[in-house]
Amino acid sequence: MKVKLWTIQNEKGWNELQTKGVLIPEEKYIIPEWKEGYSWLKSQMIQRIGTPKYNSQFPIWAWFQHYDENKRKPDLRKSGHLPSGEIGYRIEIEKEESEVLLSDFVLWHWPLCYKDYIASSEEEAIKVDKEEIVYTEEEVQKSWEKIFDMNFDVEYYTLPFAEKKIQATFWDLKIEDVIKVDKFIAR
């Protein structure tokens, strides 16, 4: 079954997709302080959707649900998609569900930036914050897997599925995946 997604690409990415017929992200484009989080996500993608064609590949990002289930497509009137004034492309695509890994956008910040344990309740989170509970690095990373559970809904952290911001990652974007392209200038 295919799933509809939207990816935002800059002019370089869009041109590469048109020229080569495929867009394959590389490590050199990752902000250095985010590399550890991306590497963890890459290992999760390998476990959950399979290995990339090239070892140097990193995820392509898209939106499954940008705001909520009623506003899935990114709104180009809003800022934050690309640096202000930059030409961008909102590319509507369809990918096989088996090629895509969905994750909770809010929870993704734990492995990306915070490096903390994702608690299963507000009470547990308070104990972790007060260091009444200390988890091993392995337990912390295992807790991050909650970002892939679209039914994980602890009010302290996240929202019910219908209200979640849900991102999607996959290994490559092929020109034949493209349904529609909207060019825009970032705000």
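Predicted, not measured: the structure shown is a model, and the values here were computed from it.
When all heavy atoms are compared, the tightest approach of Met150 to Asp104 is CE-N, 3.6 Å. Between Ile46 and Thr51, the shortest heavy-atom distance links the atoms CG2-CG2, 3.7 Å. When every heavy atom of Trp63 is checked against every heavy atom of Lys165, the shortest pair comes out as CZ3-CB, 4.0 Å.
Remark: Lys142 engages Glu145 in a salt bridge, criterion side-chain N to carboxylate O under 4.0 Å. We find that Asp172 and Lys95 are joined by a salt bridge, their nearest charged nitrogen and carboxylate oxygen being less than 4.0 Å apart. Salt bridge Glu92/Lys73: absent, no basic N to carboxylate O contact under 4.0 Å.
The residue from Glu123, Lys130, Glu124 that alone fulfils the side chain to side chain contact (heavy atoms under 4.5 Å, CB included) condition with Ile126 is Lys130. Each of Lys78, Lys71, Arg77 was scored for a side-chain hydrogen bond (donor to acceptor under 3.5 Å, both in side chains) with Asp75, with one residue passing: Arg77.
Within 6.0 Å of CD in Glu131 there are 12 or fewer heavy atoms belonging to other residues, nucleotides or ligands. Counted within 6.0 Å of OH on Tyr54, heavy atoms from surrounding residues, nucleotides or ligands total 12 or fewer; the atom is thus considered open.
The distance between the ring centers of Trp110 and Tyr157 falls below 6.0 angstrom. Taking the six-membered ring for Trp and the full ring otherwise, the centers of Trp61 and Tyr38 sit less than 6.0 Å from each other.
Note: Phe161 and Phe64 have tilted aromatic rings, judged against thresholds of 30 and 60 degrees for the angle between ring planes.
By the 4.5 Å heavy-atom criterion applied to side chains, Trp14 and Val181 are counted as neighbours. Side-chain contact check for Val22 versus Leu173: every heavy-atom pair is 4.5 Å or farther apart.
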Step by step, would you call Glu137 with Gln141 a side chain to side chain donor-acceptor pair (under 3.5 Å)?
-> CA-CA 6 Å; Glu137 182 63 31; Gln141 288 193 15; 3.0 Å; yes
Go through it in stages, so that I can follow the logic: the residues are Ser56 and Lys28, the test is side chain to side chain donor-acceptor pair (under 3.5 Å), and I'd like the CA-CA distance, side-chain angles, deciding distance and then a yes or no.
CA-CA 9 Å; Ser56 62; Lys28 67 183 179 183; over 6 Å; no
_Checking Glu94 against Ile179 for the side chain to side chain contact (heavy atoms under 4.5 Å, CB included) test, could you report, in this order, the C-alpha distance in whole Å, the side-chain angles of both residues, the deciding distance, and whether it holds?_
CA-CA 7 Å; Glu94 282 188 339; Ile179 298 169; 3.1 Å; yes
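Geometrically, Lys164 does not engage Phe105 in a cation-pi contact, judged by NZ or CZ lying under 6.0 Å from the ring centre and within 45° of the ring axis.
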